[in-house]
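The figures that follow rest on heavy atoms only: side chains count, while hydrogens, waters and symmetry mates do not. Positions are given from 1, in the same order as the sequence printed here.
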Amino acid sequence: MLPNADDPVTQGKCCGKGRLAHIPNDSPERITTPLLKSNGTWHPVTWEEAMAWFSQRVHRWQDKFGPDAVAVYGGGSLTNEVSYLLGKFARVALGTRYIDYNGRYCMSSAAAGANLTLGVDRGLTNPLSDLPLARCILMAGANVADAQPTLMPYLLEAKKRGAFLIVIDPRETPTARIADLHLPIRPGTDAALVNGMLKIIVEHDLVDWSFVRRHTSGWESLLDHIRRVDLSEVVEQTDIPRELIEHAALAYGQASTGFVLTARGVEQHAWGVQNVRNFLNLVLLTGKIGKPGCGYGAITGQGNGQGGREHGQKADQLPGYRLLDDPEARERIARIWGVSPDTLPRSGVSAYEMFDKILADKIRGMIVFGSNPIISSPNAARVESALRRLDWLVVVDFFLTETAQMADLVLPAASYLENEGTITNLEGRVLLRRAVRPAPGQAKPDWETIMEMARALGKGEWFRYQSAEDIFRELAEASRGGKADYSGMTYGRIEQSQGLFWPCTHERPEGTPRLFEDGRFGHPDGKARLVPVHAPTSNWREEDEWPLTLTTGRIIHHYLSGTLTRRTPALMEKSPVPYLEMHPETAQQLGLSDGQPARVTSPVSSIVLTVKITERIRPDTVFAPFHWEGEQSINRLIPAKLDPTSRMPAFKIVRVRVEPVKEQPQSRQQEPVLVS
Ligand SMILES: Nc1nc2c(c(=O)[nH]1)N[C@H]1C(S)=C(S)[C@@H](COP(=O)(O)OP(=O)(O)OC[C@H]3O[C@@H](n4cnc5c(=O)[nH]c(N)nc54)[C@H](O)[C@@H]3O)O[C@H]1N2
Ligand SMILES: Nc1nc2c(c(=O)[nH]1)N[C@H]1C(S)=C(S)[C@@H](COP(=O)(O)OP(=O)(O)OC[C@H]3O[C@@H](n4cnc5c(=O)[nH]c(N)nc54)[C@H](O)[C@@H]3O)O[C@H]1N2
Ligand SMILES: [Mo]
């Protein structure tokens, strides 16, 4: 039997990276003491010395340039307790408006789309156990087989029970290969495709009118818009034949139960929020939500991608998924924190925009907690120059990552094996993760590091906790009455029930596995908001100078910026270098063959990658993973084009041209240990 076979979510299954994660955790490269850089050399220092340096920097810089001169950049792998504390630290100890986190690059479009339409953002509206109850599952821009392999059993079980599976992806991914219908869409045209599907659903009278009239608003203008959709234009834009669009629309529309799942393929666009809203239009017009086997889900990315966006490390957020600019929320949270509401700063800017603020000399010192933005941000070369421009940088991590190498002070963090706390999974289920061993050397759990920092700044009295559980108690109380309400949870109750779904209150102590069962959505009038989505045309028009579309994403053997997986020999053996996936026809036209170096040029930069030929991609599209550093970082090619609402960068489409090169692609660079 598998260990943890009774785990209600994974049934004890674990992906290859998870199985090998102990290797980087035990790596001799782990940082085990605070490191301070002087004259370009790292020196191990004590925590006291590190904190003295830190408080002197913060005080001096804030005295001179004001509280907003210091910024915080968080991450979605931090526990709920740490995300909460980091938000409190920024607002109470630093008093800065500038805090945001890497989830901005991850789920911000899904979050904004769900908040605007449903009035609440919880990854999946239902527990995963509902998936096998769906007769039709539509997955858009989601490659679960490579990115969430432990979810595959749910899809396979659904299929076994006769569900019809539709996958929308410009590549024939391993996920697409188990689909009944794969729509190899032209990247960036999902909103148009959904408009086409909506048109067919309306024409075939598959709208659930009684649901729509009772539980939604805005349907009149949506219907008006759908009437004007021209299917032949949709076919032209998406490059999907009309019969296939019809097939997908009827399969979903006629199914008695159905699920729509989206992931980064439709969300990481300058139009990502609108894409999500259109998929939600589909769900709502057909009334497929709030029932067993009927719902929507944005498949969560990072370990705590869900909880990480609920408790206040977002630029505009207070705990409990409250808004920083809401006077009532300010009042309530200020009371819990023991400060006056007018001392709480106002909203800051999104993750990428913080780099703009550095380049404009508004932000001068930064603390990065659990992210490697030099690899994961768009326009990576510009982000690198922003980090260089900082007067000082503090990084809290396990390793001297590419970002940490640019820091002045690096603080050693405890890893997931060593840090107790809660995380919230894609279902909105809050789980307790116990530490199984002490942290190595002087490394500390993040919550202790934040307390040290607060103490060093003379704000210790607002940060007095004995344990992660202490912080959770405060978080649960702070979340009471908010959208992500944890007030009915305790460590004991979470552990006993193998996780509790929010909202979970004293009145509803069992939590809420399935949202909207009473037909009430999260907006004050209880209605979901339908909205016409006008598909952007700029995404599909061909341009002579940039004939191909580059899309980026993941491969099974690597994880995000590669901090852990590039330090795992068994994974590096399987996937040592990045590559550019390309259709054989395209390769032939360009005079390229498999394994040959090619220069990829976008409007912002140019890099060399090895060509990998595959028939499983559209001829007008090339794909590259983003897990590598330096000259091989694909994010050097991605311009910082942000969604106007979520501020999500458009990682999923960039116009490029590709040409053969004589020189070899640069192999893995020697990592400079010292950076001055
Ligand atoms: N192995 C591995 N697993 C991971 C991660 C990892 O780094 N490695 N990261 C985790 C994280 S943080 C996240 S956010 C998730 C992400 O999980 P996913 O979103 O599933 O992963 P991606 O590879 O980014 O993108 C999914 C698919 O979108 C497709 N796509 C690209 N452009 C478009 C488009 O315009 N329309 C449509 N419909 N599809 C498009 C791509 O071809 C790709 O197959 O994975 C998590 N799991
Ligand atoms: N081109 C392109 N770019 C992308 C994407 C894409 O699809 N295409 N996807 C985007 C997405 S979805 C994401 S999520 C981002 C992620 O990008 P990053 O934020 O760079 O993510 P990671 O590589 O996970 O970096 C996390 C760092 O935190 C450290 N860490 C992990 N756990 C902890 C902890 O508990 N405490 C502390 N202190 N440190 C910890 C790790 O060692 C690692 O160095 O990349 C984005 N960038
Ligand atoms: Mo992510």
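- Sorted by first and then second residue, the ring-ring contact (aromatic ring centres under 6.0 Å, His included) pairs with a member in residues 424-472 read Phe472-Tyr491; sequence neighbours excluded.
- The CD1 atom of Ile471 lies 8.0 Å from the CD atom of Glu474; values are rounded to the nearest 0.5 Å.
- For Glu427 and Arg122, the salt-bridge test fails: no basic side-chain N is under 4.0 Å from an acidic carboxylate O.
- Around the CD atom of Glu328, the shell of radius 6.0 Å holds no more than 12 heavy atoms that belong to other residues, nucleotides or ligands.
- Within the 4.5 Å cutoff, the side chain of Phe399 has heavy atoms near those of the Leu564 side chain.
- Side-chain atoms of Asn635 come within 3.5 Å of backbone N or O of Ile375 as a donor-acceptor pair.
- Here Tyr105 and Phe651 bring their ring centres to under 6.0 angstrom of each other.
- In this structure, Arg514 and Asp130 have side chains that are in contact, with non-hydrogen atoms separated by less than 4.5 Å.
- Between Val276 and Val273, the closest side-chain pair of non-hydrogen atoms is not below 4.5 Å.
- Taking all atoms of both residues into account, the shortest heavy-atom contact from Gly511 to Cys504 is CA-CB, 3.8 Å.
- With hydrogens and angles disregarded, no donor-acceptor distance shorter than 3.5 Å links the side chain of Thr117 to the backbone of Ala114.
- Lys362 NZ: 12 or fewer foreign heavy atoms inside a 6.0 Å radius.
- A salt bridge links Lys444 to Glu452: one of the charged nitrogens lies within less than 4.0 Å of a carboxylate oxygen.
- Taking each heavy atom of Cys106 and Met648 in turn, the nearest pair found is O-CE, 3.1 Å.
- Of all the heavy atoms in Ala50 and Leu411, the pair that sits closest is CB-CD2, 4.0 Å.
- In this model, no donor atom of one side chain and acceptor atom of the other lie less than 3.5 Å apart for Ser350 and Arg104.
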Decide yes or no on side chain to side chain contact (heavy atoms under 4.5 Å, CB included) for Tyr84 and Thr79, but give the supporting numbers first. CA-CA 8 Å; Tyr84 168 82; Thr79 61; over 6 Å; no
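- Remark: Lys652 NZ to Ile638 CD1 distance equals 8.5 Å, nearest 0.5 Å.
- The environment of CZ in Arg437 is crowded: more than 12 heavy-atom neighbours from other residues, nucleotides or ligands sit within 6.0 Å.
- Side chain of Asn372 to backbone of Thr401: no donor-acceptor contact under 3.5 angstrom is found.
- In this structure, Arg330 contributes its side chain and Leu344 its backbone to a donor-acceptor pair below 3.5 Å.
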Derivation and outcome, side chain to side chain donor-acceptor pair (under 3.5 Å), residues Asn102 and Tyr73: CA-CA 7 Å; Asn102 71 3; Tyr73 192 107; over 6 Å; no
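- Side-chain contact between Ile367 and Met453 is present, with heavy atoms from C-beta onward closer than 4.5 Å.
- In the model, Glu310 has a side-chain atom that pairs as donor or acceptor with a side-chain atom of Gln306 under 3.5 Å.
- In this structure, the salt bridge (Lys or Arg N to Asp or Glu O under 4.0 Å) partners of Asp325, at least two apart in sequence or on a different chain, are Arg346.
- With contacts defined as side-chain heavy-atom distances shorter than 4.5 Å, the pair Cys15/Pro149 qualifies.
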Criterion side chain to side chain donor-acceptor pair (under 3.5 Å) on Thr563 and Ser561, from CA distance to verdict: CA-CA 6 Å; Thr563 305; Ser561 74; 3.2 Å; yes
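- For Thr512 (side chain) and Leu515 (main-chain N/O), no donor-acceptor pair under 3.5 Å exists by modelled atom type.
- Side-chain contact of Tyr296 with Thr262: a donor-acceptor pair under 3.5 Å is present, judged by distance alone.
- Panel note: side chain Thr343, backbone Val339; no donor-acceptor pair is recorded below 3.5 Å.
- No side-chain heavy atom of Gln498 sits less than 4.5 Å from a side-chain heavy atom of Val9.
- In this structure, a donor-acceptor pair under 3.5 Å is absent between the side chains of Gln442 and Thr32.
- Between the side chain of Thr96 and the main chain of Ala71, no donor-acceptor pair closer than 3.5 Å is present.
- Taking all atoms of both residues into account, the shortest heavy-atom contact from Asp397 to Ile31 is O-CD1, 3.8 Å.
- Taking the charged nitrogens against the carboxylate oxygens, Glu331 and Arg322 have no contact shorter than 4.0 Å, which rules out a salt bridge.
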Take Asp391 and Trp61, measure what side chain to side chain donor-acceptor pair (under 3.5 Å) needs, and give me the verdict at the end. CA-CA 9 Å; Asp391 292 335; Trp61 262 254; 2.7 Å; yes
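- Counting only distance, with no hydrogens or angles, the side chain of Asn425 and the backbone of Arg429 share a donor-acceptor pair below 3.5 Å.
- Every residue meeting the ring pair (Phe, Tyr, Trp, His ring centres under 6.0 Å) condition with Phe521, not counting sequence neighbours, appears here in chain and number order: Phe516.
- No donor-acceptor pair under 3.5 Å is formed between the side chain of Asn80 and the backbone N or O of His311.
- Residues forming a ring pair (Phe, Tyr, Trp, His ring centres under 6.0 Å) with Phe501 (at least two apart in sequence, or on another chain): none.
- Salt bridge Arg554/Asp146: absent, no basic N to carboxylate O contact under 4.0 Å.
- Separating the CG atom in Leu78 from the OG atom in Ser83 is a distance of 5.0 Å, to the nearest 0.5 Å.
- With contacts defined as side-chain heavy-atom distances shorter than 4.5 Å, the pair Val70/Met366 does not qualify.
- The two atoms that bring His59 and Ala456 nearest to each other are CE1-O, 4.2 Å, heavy atoms only.
- Across every non-hydrogen atom of Thr403 and Leu393, the tightest pair is O-CD2, 3.9 Å.
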Can Tyr486 and Thr424 be said to form a side chain to side chain donor-acceptor pair (under 3.5 Å), step by step? CA-CA 11 Å; Tyr486 287 31; Thr424 304; 2.7 Å; yes
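- With respect to the salt-bridge test (charged N to carboxylate O, under 4.0 angstrom), the residues Glu420 and Arg433 do not qualify.
- For Arg264, the salt bridge (Lys or Arg N to Asp or Glu O under 4.0 Å) partners two or more places apart in sequence, or in a different chain, are Glu267.
- The pair Arg473-Glu477 does not count as a salt bridge, with every side-chain nitrogen at least 4.0 angstrom from each carboxylate oxygen.
- For the residue pair Ser109 and Gln268, no side-chain donor N or O sits within less than 3.5 Å of a side-chain acceptor on the partner.
- Defined by atom type and a distance below 3.5 Å, a donor-acceptor pair is missing between the side-chain atoms of Arg493 and Ser497.
- When side chains are defined from C-beta on, Leu500 counts as touching Met489, because their heavy atoms get closer than 4.5 Å.
- Qualifying ring pair (Phe, Tyr, Trp, His ring centres under 6.0 Å) partners for Phe626, counting only residues two or more places apart in sequence or in other chains: none.
- A donor-acceptor pair under 3.5 Å links the side-chain atoms of Arg647 to the main chain of Pro644, judged by distance alone.
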Decide salt bridge (Lys or Arg N to Asp or Glu O under 4.0 Å) for Asp121 and Arg309; before the verdict, give the C-alpha distance in whole Å, the side-chain angles of both, and the deciding distance to 0.1 Å. CA-CA 9 Å; Asp121 154 41; Arg309 66 179 191 268; 2.7 Å; yes
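- Taking a cutoff of 4.0 Å between a charged side-chain nitrogen and a carboxylate oxygen, Asp485 and Arg480 do not qualify as a salt bridge.
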